[in-house]
Amino acid sequence: MNTPKKYIHDRIVLLLLTANTFFAVLTSVMIVLKLDSSRAEGYIVQFRPSLGLSAYYKGDNTGILSFAVFSIVVLIFHTYLSIRVYNARRHFAIVILAMALLLILLALFISNALLLLR
């Protein structure tokens, strides 16, 4: 993949790439550190308030680890997509990176909330 030289020197792009990388790594590290492998009953992976008392769905470690994998996949895919779009439209590349930041932050907050509910 050929990265344009202007892409690497764009300050807004570098700021967003740095923020995306930091929060993706933070999400992954926080999830891995909060996991407890001795929990036999599992973790809450879904909450549906319309179901009443059975609103909580339990899952195993893979349900929570999928949030960490999701944040890394979002980082890689959106970075690749913004590099491809940058030559045509700079603003589209910036919007793509900003949406990636939003998705990674949502994954961070939701996974943290689900891990606190255990």
Side-chain angles (χ1 to χ4, degrees):
M1 181 171 65
N2 193 5
T3 307
K5 188 174 183 179
K6 288 182 181 180
Y7 183 82
I8 299 296
H9 294 292
D10 194 345
R11 288 183 181 173
I12 297 174
V13 170
L14 284 179
L15 175 70
L16 287 170
L17 283 174
T18 304
N20 287 345
T21 305
F22 173 75
F23 284 117
V25 169
L26 180 70
T27 302
S28 300
V29 168
M30 284 184 63
I31 289 171
V32 169
L33 290 179
K34 287 187 178 183
L35 281 181
D36 186 14
S37 61
S38 65
R39 289 185 53 88
E41 65 270 1
Y43 292 96
I44 296 172
V45 293
Q46 287 184 15
F47 175 70
R48 307 272 173 107
S50 63
L51 296 179
L53 293 176
S54 61
Y56 297 103
Y57 289 116
K58 296 237 181 214
D60 54 351
N61 291 346
T62 59
I64 295 295
L65 282 175
S66 65
F67 281 103
V69 172
F70 173 75
S71 66
I72 299 299
V73 167
V74 165
L75 173 68
I76 292 169
F77 180 72
H78 281 82
T79 302
Y80 174 74
L81 195 59
S82 70
I83 289 171
R84 299 283 296 180
V85 170
Y86 187 80
N87 282 334
R89 299 278 185 192
R90 176 183 175 266
H91 297 294
F92 288 165
I94 291 172
V95 168
I96 289 169
L97 290 174
M99 282 194 252
L101 182 61
L102 175 68
L103 282 174
I104 293 170
L105 286 175
L106 283 174
L108 173 67
F109 292 139
I110 291 170
S111 65
N112 191 26
L114 288 175
L115 283 170
L116 289 177
L117 280 177
R118 35 176 169 172

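Computed from heavy atoms alone, side chains included, the values below leave out hydrogens, waters and symmetry copies. All figures in this text were calculated on a predicted structure; none of them were measured in a lab.
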For this session: Drop me the distance from Thr27's OG1 to Leu103's CG, to the nearest 0.5 angstrom.
Result: 11.0 Å
For this session: Give, for atom CE of Met99 and atom CG of Leu16, the distance between the pair rounded to the nearest 0.5 Å.
Result: 11.5 Å
Problem set entry | For Ile31 against Leu115, the heavy-atom pair lying closest together | CA-CD1, 4.2 Å
Exercise. With hydrophobic residues grouped by side-chain heavy-atom distances under 4.5 Å, do Ile83 and Leu101 end up in a single group?
Worked result: yes
For this session: First locate atom CG of Asn20, then atom CD1 of Ile104, and finally report the distance between them rounded to the nearest 0.5 Å.
Result: 4.5 Å
Exercise. Do you know which two heavy atoms are closest between Leu97 and Val13, and how far apart they sit?
Worked result: CD1-CG1, 3.8 Å
For this session: Answer with yes or no whether the hydrophobic clustering places Leu81 together with Ile76; edges join I, L, V, M, F, W, Y residues whose side-chain heavy atoms lie under 4.5 Å apart.
Result: no
Seminar exercise, completed: All heavy atoms of Ala93 vs all of Val85, minimum pair found to be N-CG1, 4.1 Å
Without placing hydrogens or testing angles, list every side-chain donor-acceptor pair under 3.5 Å for residues 66-74, not counting sequence neighbours.
unit_1: Ser66; atom_1: OG; unit_2: Gly63; atom_2: O; d: 2.6
unit_1: Ser71; atom_1: OG; unit_2: Ala68; atom_2: O; d: 2.8

Exercise. When rounded to the nearest 0.5 angstrom, what distance separates CE in Met30 from CG in Asn112?
Worked result: 4.5 Å
For this session: Report whether Leu17 and Ile12 are members of the same hydrophobic cluster (ILVMFWY, side-chain heavy atoms less than 4.5 Å apart, transitive linking).
Result: yes
Exercise. In the single-linkage hydrophobic clustering (I, L, V, M, F, W, Y; side-chain heavy atoms under 4.5 Å), do Ile94 and Ile96 co-cluster?
Worked result: no
Problem set entry | Within one Ile-Leu-Val-Met-Phe-Trp-Tyr cluster: Ile8 and Leu75, side-chain cutoff 4.5 Å | yes
Exercise. Would you call Asp10 and Arg90 a side-chain contact if the rule is heavy atoms closer than 4.5 Å?
Worked result: yes
Exercise. For the atom pair CG (Leu102) and CZ (Phe23), what is the distance rounded to the nearest 0.5 Å?
Worked result: 12.0 Å
